[in-house]
Amino acid sequence: MVELVKVDEDIWEVPQSYKPDMKVPGRIFLSDKLIKDLEDGSIEQVANVATLPGIQKYAMAMPDAHIGYGFPIGGVAAFDLDTGVISPGGVGFDINCGVRLLKSDLKVEDIRKDADNLIERLYHNVPSGLGSESKLRVSDTVLNEVFEKGARWAVENGYGVKADLEHCEENGEMKGANFAKVSKKAHERGRSQLGTLGSGNHFLEIQYVEKIYDEQVAKAFGLEEGKVTVMIHCGSRGAGHQICTDYIKVLEKASRKYGIKLYDRQLACAPLSSEEAKDYISAMAAAANYAWANRQVISHWVRETFNDYYKSEIKMDLLYDVAHNVAKFEEHDINGKRVKVCVHRKGATRAFAPGREEVPVAFRNVGQPVIIPGSMGSASYVLVGTQKAMETTFGSTCHGAGRVMSRHAAKKEVRGSEIKKELLEMGIIVKAPKDSAIAEEAPEVYKDIDDVIEVVHRLGISKKVARLVPIAVAKG
DNA sequence: ATGTTC
């Protein structure tokens with residue numbers, strides 16, 4: 001196993017000499033404390049990614065990194081448009097898994113007594129769990145619209161307001177999506193799941209702003225200490241999963257066809273200029289749009305639930321919606337030149353600096369809101385994108401706490417009923433379909449979110465704005 | 001993450 005070289009505080013390098021075909025070195029952003037939890041396999045995966053054609057600067061891993069399919073989760077890699085590739089493994093199975101944060105005007109002390117009832121209703125109104133089906137049934141024609149318009153489809157059909165769209169990455173609508181590139185099977189899986197949370201670490205959480213770190217940015221984001229927020233963490237469900245599965249096969253063939261040497265079969269990819277890559281990109285965009293529509297529909301039901309419960313219109317503005325599993329075409333400064341590259345972020349969040357045109361006008365002078373969900377029962381964070389991120393990580397940061405124990409191991413090691421009790425003693429209500437779902441997501445199977453955030457803050461690849469603490473959580 | 005096995 002390769003020795004990591006510490007090049008600076010919180011920065012570790014996988015030397016380019018480790019594998020003969022590495023085009024660039026690897027960079028892993030980790031504190032001395034967190035490096036103990038880093039699996040050897042993650043380092044190997046970073047090195048493997050560095051062998052792919054056209055990769056720029058470094059193959060990177062954020063402090064929440066762990067082993068994933070081909071690329072590590074927490075991985076960032078940018079590829080040159082002429083010489084580089086795109087890989088479904090660099091995006092992930094849950095295409096455009098992401099997080100959004102709704103801001104209410106309610107105060108934490110006013111809502112405590114209602115939390116039990118509220119989460120019960122939210123749990124009822126937003127279907128969750130493995131294979132969960134929506135109360136919304138869409139026709140083929142409508143589903144195609146969802147694939148191509150994303151959150152805009154939802155807003156145009158009464159699920160939310162126009163302002164919501166301005167507060168999503170890509171306005172909740174990735175261009176270039178083509179439903180014709182989505183298989184029949186993916187269509188079928190998508191039809192019944194629009195407006196569902198899913199399972200695993202996906203959740204819907206009532207929280208409050210416990211602490212503000214940056215008054216000026218918090219003000220620009222409209223965050224106030226003691227105010228209630230709602231966080232929604234989910235993705236593209238079975239549709240995105242099927243699209244990923246379908247295109248891994250296509251790109252495995254393409255890898256052979258174009259003679260790309262793969263250190264790991266899971267790195268299947270195709271040159272960005274190829275037909276296979278273009279098809280995957282069109283389908284990936286469709287999945288991304290499905291995920292945005294999904295989070296938008298869920299947001300609408302959350303608003304409805306609160307309004308109905310309090311018998312009045314509760315302010316529930318969208319702060320922002322981030323995608324942490326997607327590949328995007330962006331301009332970055334590389335070797336003194338501004339070039340367009342394809343940035344893969346898999347379990348990594350865009351953290352764009354002030355001034356970037358991708359950042360909504362309302363936040364353009366402070367930077368992009370970065371929303372980082374904690375594990376169940378732990379804090380979540382709002383951060384802000386920085387120039388340092390642009391220079392160091394192609395404008396990227398971490399996406400969460402990151403696992404330290406597999407789902408399988410967690411189910412054996414941890415008792416869900418115990419966790420539920422412990423959380424309740426801490427004042428956190430958990431609603432889940434079964435106790436084993438709670439065990440898989442227990443706080444102790446994740447790294448400490450505060451440690452992960454400390455690293456990205458100290459590195460400056462995003463800066464702390466606010467810490468959010470859970471009150472009640474509904475999960476799949 | 002996922003109708004957890006083409």
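Letters A, B, ... are given to chains in the order of the sequence lines, protein chains preceding strands, and every chain is numbered from 1.
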Residue closer to the 5' end of DNA chain B, A:Ser236 versus A:Lys249 (nearest nucleotide): A:Ser236

Less than 6.0 Å separating the ring centroids of A:His233 and A:His399? no

Are A:His241 and A:Phe93 near enough that their ring centres are under 6.0 Å apart? yes

B:dT5 P sits how many Å from A:Ile248 CD1, rounded? 14 Å

Would you classify A:Gln193 as touching base, sugar-phosphate or nothing, given that sugar-phosphate means primed atoms plus P, OP1 and OP2, and contacts are heavy atoms under 4.0 Å? sugar-phosphate

To the nearest Å, give me how far apart CD1 (A:Ile73) and P (B:dT2) are. 13 Å

Could you state the NZ-P distance from A:Lys346 to B:dT2, rounded to the nearest angstrom? 15 Å

Quick check: on DNA chain B, is the nucleotide nearest A:Leu130 upstream (toward 5') of the one nearest A:Gly200, or the reverse? Name the residue that is more 5'. A:Gly200

A:Glu188 CD to B:dT2 P: how many Å, rounded? 18 Å

Compute whether any side-chain donor of one residue and acceptor of the other, for A:His167 and A:Asp317, lie under 3.5 angstrom apart. no

Expressed in angstrom and rounded to an integer, what is the separation of A:Asp246 atom CG from B:dT2 atom P? 16 Å

Give the rounded distance in Å between these two atoms: CZ of A:Phe93 and C1' of B:dT4. 11 Å

Output the residues of residues 179-187 of chain A in contact with DNA chain B, where contact means a heavy atom of the residue under 4.0 Å from an atom of the strand; sort by number or write none. A:Lys185

Scan A:Gly198 against the nucleic acid and name what it touches under 4.0 Å (heavy atoms): base, sugar-phosphate only, or nothing. sugar-phosphate

Measuring to OP1 and OP2 of B:dC6, would you say a side-chain N or O of A:Thr245 lies under 4.0 angstrom away? no

Please determine whether a side-chain nitrogen of the Lys or Arg among A:Arg350 and A:Glu358 lies less than 4.0 Å from a carboxylate oxygen of the Asp or Glu. no

What integer distance in Å separates A:Gln242:CD from B:dT5:P? 14 Å

Does the side chain of A:Glu44 pick up a donor-acceptor pair with the side chain of A:Tyr263 at under 3.5 Å? no

By side-chain contact (heavy atoms from CB on, under 4.5 Å), which residues pair with A:Val455, not counting sequence neighbours? A:Asp10, A:Ser31, A:Leu34, A:Pro63, A:Arg458, A:Leu459

Checking A:Ile298, A:Leu101, A:Asp321 against A:Ile232 for side-chain contact (heavy atoms from CB on, under 4.5 Å), the one that qualifies is A:Ile298

Specify the separation, in whole Å, of atom NE2 of A:His202 and atom C1' of B:dT4. 15 Å

Taking 4.0 Å as the cut-off, does a side-chain nitrogen or oxygen of A:Arg407 come that near to OP1 or OP2 on B:dT4? no

